[in-house]
2 protein chains.
Amino acid sequence: MSGESRGSQLLPVLAQLVRFLRQLEGPDNPSSVALAVLRRLSEEGPARVTDLARMTRASQPGMTQLVGRMEKSALVRRVPDPTDGRGVLVEVTEEGRAVVIRTLAHYATTLDHLFDELEPADRDAIVQALPALERLAQAGQKERAG
Amino acid sequence: MSGESRGSQLLPVLAQLVRFLRQLEGPDNPSSVALAVLRRLSEEGPARVTDLARMTRASQPGMTQLVGRMEKSALVRRVPDPTDGRGVLVEVTEEGRAVVIRTLAHYATTLDHLFDELEPADRDAIVQALPALERLAQAGQKERAG
DNA sequence: TATTGTTATACTCTATAACTATA
DNA sequence: TATAGTTATAGAGTATAACAATA
């Protein structure tokens, strides 16, 4: 062990992973925020703009704009909130659901393919580390939330 | 083991990691592409716009524009290429070097801090998986390059 | 003619400030 | 007055097409 910190060791690997995943996102697929919103709407039903903004840590105007773009692409639809005249409920459309399914399948397939190219020992090491990586990412989210 | 593919298992974890690292980047820090360019220039000296574009998989006009923004922020400087009248050499400034050092230190510190909050077993699992994750990311890059 | 770099243009994504409508 | 949402505006980041200068 050198004097190098753990963070320094982790940094280049994570940077490369991020660059790779960013490419995976590509210009045709929905952005990570758009995908997170569509998943949320698909899995838990309609939501307010403010709630979507909070969930994704976006600003309220930013979410208004994203919802606007997604509405233009027919991925979501705005309906008035019956319980609050100021509010708007954002609903996923059938096309929006299809995009979620298609996108996640595409990512999973790509990752599977890459996984298959690795040595079995590497595959095992990554699978072993998945829960730990998840907790690392969660700790990172909490950091900001606090 | 369920019938779920490895890619599907990996997906949510990587997605969360990416979201966390994107927040880490923040609006004040240089973008990942800008940081990659500044590192390249710091470590290996001046480079052509075309080479920087190829290295980061950006378009040539995109790199011209990024260099323009970085020049406006005094992070780099353009000098004519003495060996080719068409070319331009991009050089990092002292301020650019300082930004690289400061940014990497910030990332490393943040990751160290998060690492310290993990259980030792989790830390070990991640360290064990680092070379495998690096190869996974490299495989992903190659995929695109081919 | 091919290469290097830029300009023109357009779109996504994001933010802050100012505004409107409802509570 | 506080909250929900939008509009106005600005800037980063990215791309393609058209162009200028040099090789």
Side-chain angles (χ1 to χ4, degrees), chain A residues 18-19 21-38 41 46-91 99 103 144, chain B residues 18-19 21-38 41 46-91 99 103 144:
Chain A
V18 166
R19 252 174 288 144
L21 290 164
R22 215 161 268 187
Q23 284 173 13
L24 225 181
E25 255 179 38
D28 301 335
N29 295 314
S31 74
S32 64
V33 177
L35 184 61
V37 166
L38 289 174
L41 298 178
R48 309 282 289 264
V49 169
T50 302
D51 294 331
L52 296 175
R54 261 199 289 264
M55 183 193 77
T56 57
R57 298 177 186 286
S59 66
Q60 202 180 50
M63 186 49 65
T64 288
Q65 291 163 33
L66 173 58
V67 167
R69 285 192 301 273
M70 292 199 294
E71 194 172 35
K72 217 172 61 177
S73 308
L75 304 180
V76 302
R77 168 191 318 127
R78 266 182 251 242
V79 300
D81 184 338
T83 73
D84 185 340
R86 302 165 300 177
V88 166
L89 287 178
V90 183
E91 251 178 24
V99 163
T103 305
R144 280 254 157 175
Chain B
V18 166
R19 251 175 288 143
L21 289 164
R22 216 162 267 187
Q23 285 173 12
L24 226 182
E25 255 179 38
D28 300 335
N29 295 316
S31 74
S32 64
V33 177
L35 184 60
V37 167
L38 290 175
L41 298 179
R48 309 282 288 266
V49 169
T50 301
D51 295 331
L52 295 175
R54 261 201 288 265
M55 183 192 79
T56 57
R57 296 177 187 289
S59 66
Q60 204 180 48
M63 186 49 65
T64 288
Q65 291 163 34
L66 173 59
V67 167
R69 286 193 301 275
M70 292 198 294
E71 195 172 35
K72 217 172 62 177
S73 309
L75 303 179
V76 303
R77 164 188 325 123
R78 265 184 252 241
V79 300
D81 185 338
T83 73
D84 186 339
R86 302 166 301 178
V88 165
L89 288 177
V90 184
E91 251 179 23
V99 163
T103 305
R144 280 255 157 176

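Nothing here was measured: the structure is a model prediction, and the numbers come from that model. These numbers come from the heavy atoms of this one structure, side chains and all, not from hydrogens, waters or symmetry mates. Each chain gets a letter, A, B and so on, in the order the sequences are listed, and its residues count up from 1.
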What is the distance from [atom1] of [X] to [atom2] of [N], rounded to the nearest Å?
X	N	atom1	atom2	result
B/L52	C/dT6	CG	C1'	15 Å
B/N29	D/dG13	CG	P	11 Å
A/L75	C/dT12	CG	P	12 Å
B/L66	D/dA15	CG	C1'	14 Å
B/K72	D/dG13	NZ	P	11 Å
B/Q60	D/dT14	CD	P	16 Å
A/R48	C/dT22	CZ	P	14 Å
A/D81	D/dG5	CG	P	8 Å

Between C/dT4, C/dT6, D/dT7, which nucleotide gets closest to the side-chain atoms of A/P61?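 Of the options given, the side chain of A/P61 lies nearest D/dT7.
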Of the options D/dT6, C/dT4, C/dT7, whose atoms approach the side-chain atoms of A/V49 most closely?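 That would be D/dT6.
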Contact class for [X] vs. all strands (heavy atom < 4.0 Å): base, sugar-phosphate, or nothing?
X	result
A/G85	sugar-phosphate
A/D84	sugar-phosphate
A/T50	sugar-phosphate
A/G87	sugar-phosphate

Please determine whether any donor N or O and acceptor N or O are separated by less than 3.5 Å between the side chain of A/Q65 and the base of C/dA15.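 Such a pair exists between side chain and base.
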Give a yes or no on whether a donor-acceptor pair under 3.5 Å exists between the nucleobase atoms of C/dT12, that is its base, and the side chain of A/R69.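 Check fails, no donor-acceptor contact within cut-off.
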Phosphate-side-chain proximity, [X] and [N], N/O vs OP1/OP2 below 4.0 Å:
X	N	result
A/S31	C/dC13	yes
B/T64	C/dG5	no
A/R78	D/dT6	yes

Of B/N29, B/V33, B/L35, which is the lone residue that meets side chain to side chain contact (heavy atoms under 4.5 Å, CB included) with B/S31?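 In the set B/N29, B/V33, B/L35, the residue that makes a side chain to side chain contact (heavy atoms under 4.5 Å, CB included) with B/S31 is B/V33.
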Measure the shortest side-chain to side-chain distance between [X] and [Y] over non-hydrogen atoms and say whether it is less than 4.5 angstrom.
X	Y	result
A/L75	A/V37	no
A/L89	A/R48	yes
A/V79	A/P46	no

Derivation of the side chain to side chain contact (heavy atoms under 4.5 Å, CB included) call for B/M70 and B/V90: CA-CA 10 Å; B/M70 292 198 294; B/V90 184; 5.8 Å; no
Let me spell it out: for each of A/S59 and A/R86, pick the nucleotide of DNA chain C with the closest heavy atom. Which residue's pick is nearer the 5' end?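 With A/S59 and A/R86 compared, the 5'-side residue is A/S59.
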